[in-house]
Amino acid sequence: MYTRILVPLISLALAGPVLAEKPNWAGKGKPTQEQKEAHKAAMEAKELEEETLKTEKEKKEKDKKEKDKKEKDKKEKDKKPEKIDKLDKTDEKVELEKQKEKKAAQEQKELDKGSEQGKESRENRKKWWKFWE
């Protein structure tokens, strides 16, 4: 039953490309030597044109980068130099000592809460801001 239906359907599907018309460009044979040379010359001209466009584009990009760099340098020169005061090492040490004293003077709100064991552990634990000691 299925073979009676399947065989005609398959033959119809395969018959379509066989009955199609031949394209205009097909069946003309191999190109002549002149056609080959003309095609080769056209391809070389196209490649040369692409190379010149590429070099022109690269040159424009390079010029643009140089121009941007010059403008940036000019802007930097126009800016007034800002004075930056840096603390000496002795000043930094003084600041650290002040911070230590300030942190040590702060109250710990949770010291009197909880069990005895918890209170002892909180009193003896190392503070996070005292990592340099």
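Excluded from the calculations below are hydrogen atoms, water molecules and symmetry mates; all remaining heavy atoms, backbone and side chain alike, are included. Worth saying up front: this structure is predicted, and the values here are computed from it rather than measured.
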- Task: Start with the C-alpha distance between Glu49 and Lys46, add both sets of side-chain angles, then the distance that settles side chain to side chain contact (heavy atoms under 4.5 Å, CB included), and finish with yes or no.
- Result: CA-CA 5 Å; Glu49 183 179 328; Lys46 185 177 178 181; 5.7 Å; no
Practice item. Assess whether side chain to side chain contact (heavy atoms under 4.5 Å, CB included) is satisfied between Lys64 and Lys60, documenting all intermediate values. Key: CA-CA 6 Å; Lys64 185 178 178 182; Lys60 286 180 182 179; over 6 Å; no
The test is side chain to side chain contact (heavy atoms under 4.5 Å, CB included); show your working for Lys75 and Lys72 and say whether it passes. CA-CA 5 Å; Lys75 287 180 182 178; Lys72 186 177 179 183; 5.8 Å; no
- Under the side chain to side chain contact (heavy atoms under 4.5 Å, CB included) rule, what do Lys93 and Leu96 come out as? Steps first, then yes or no, please. CA-CA 5 Å; Lys93 288 180 182 178; Leu96 287 175; 5.6 Å; no
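A heavy-atom distance below 4.5 Å is not found between the side chains of Glu51 and Lys54. Between Leu53 and Glu56 there is a side-chain heavy-atom pair separated by less than 4.5 Å.
In this structure, CD on Glu37 lies 8.5 Å from OG1 on Thr32, to the nearest 0.5 angstrom. We find the NZ-NZ distance between Lys100 and Lys102 to be 16.0 Å, quoted to the nearest 0.5 Å. Note: Asp73 CG to Asp68 CG = 11.0 Å, rounded to the nearest 0.5 Å. Within the model, atoms CD of Glu44 and CD of Glu47 stand 7.0 Å from one another, a figure rounded to the nearest 0.5 Å. Distance check, rounded to the nearest 0.5 Å: CG of Leu14 to CG of Leu19 gives 11.0 Å.
For the side chain to side chain contact (heavy atoms under 4.5 Å, CB included) test, no residue two or more places apart in sequence or in another chain qualifies with Glu101.
Nearest heavy-atom pair, Pro31 versus Gln35, reported as atom, atom and distance to 0.1 Å: CA-OE1, 3.1 Å.
Heavy-atom neighbours of Glu34 CD from other residues, nucleotides or ligands within 6.0 Å: at or below the threshold of 12.
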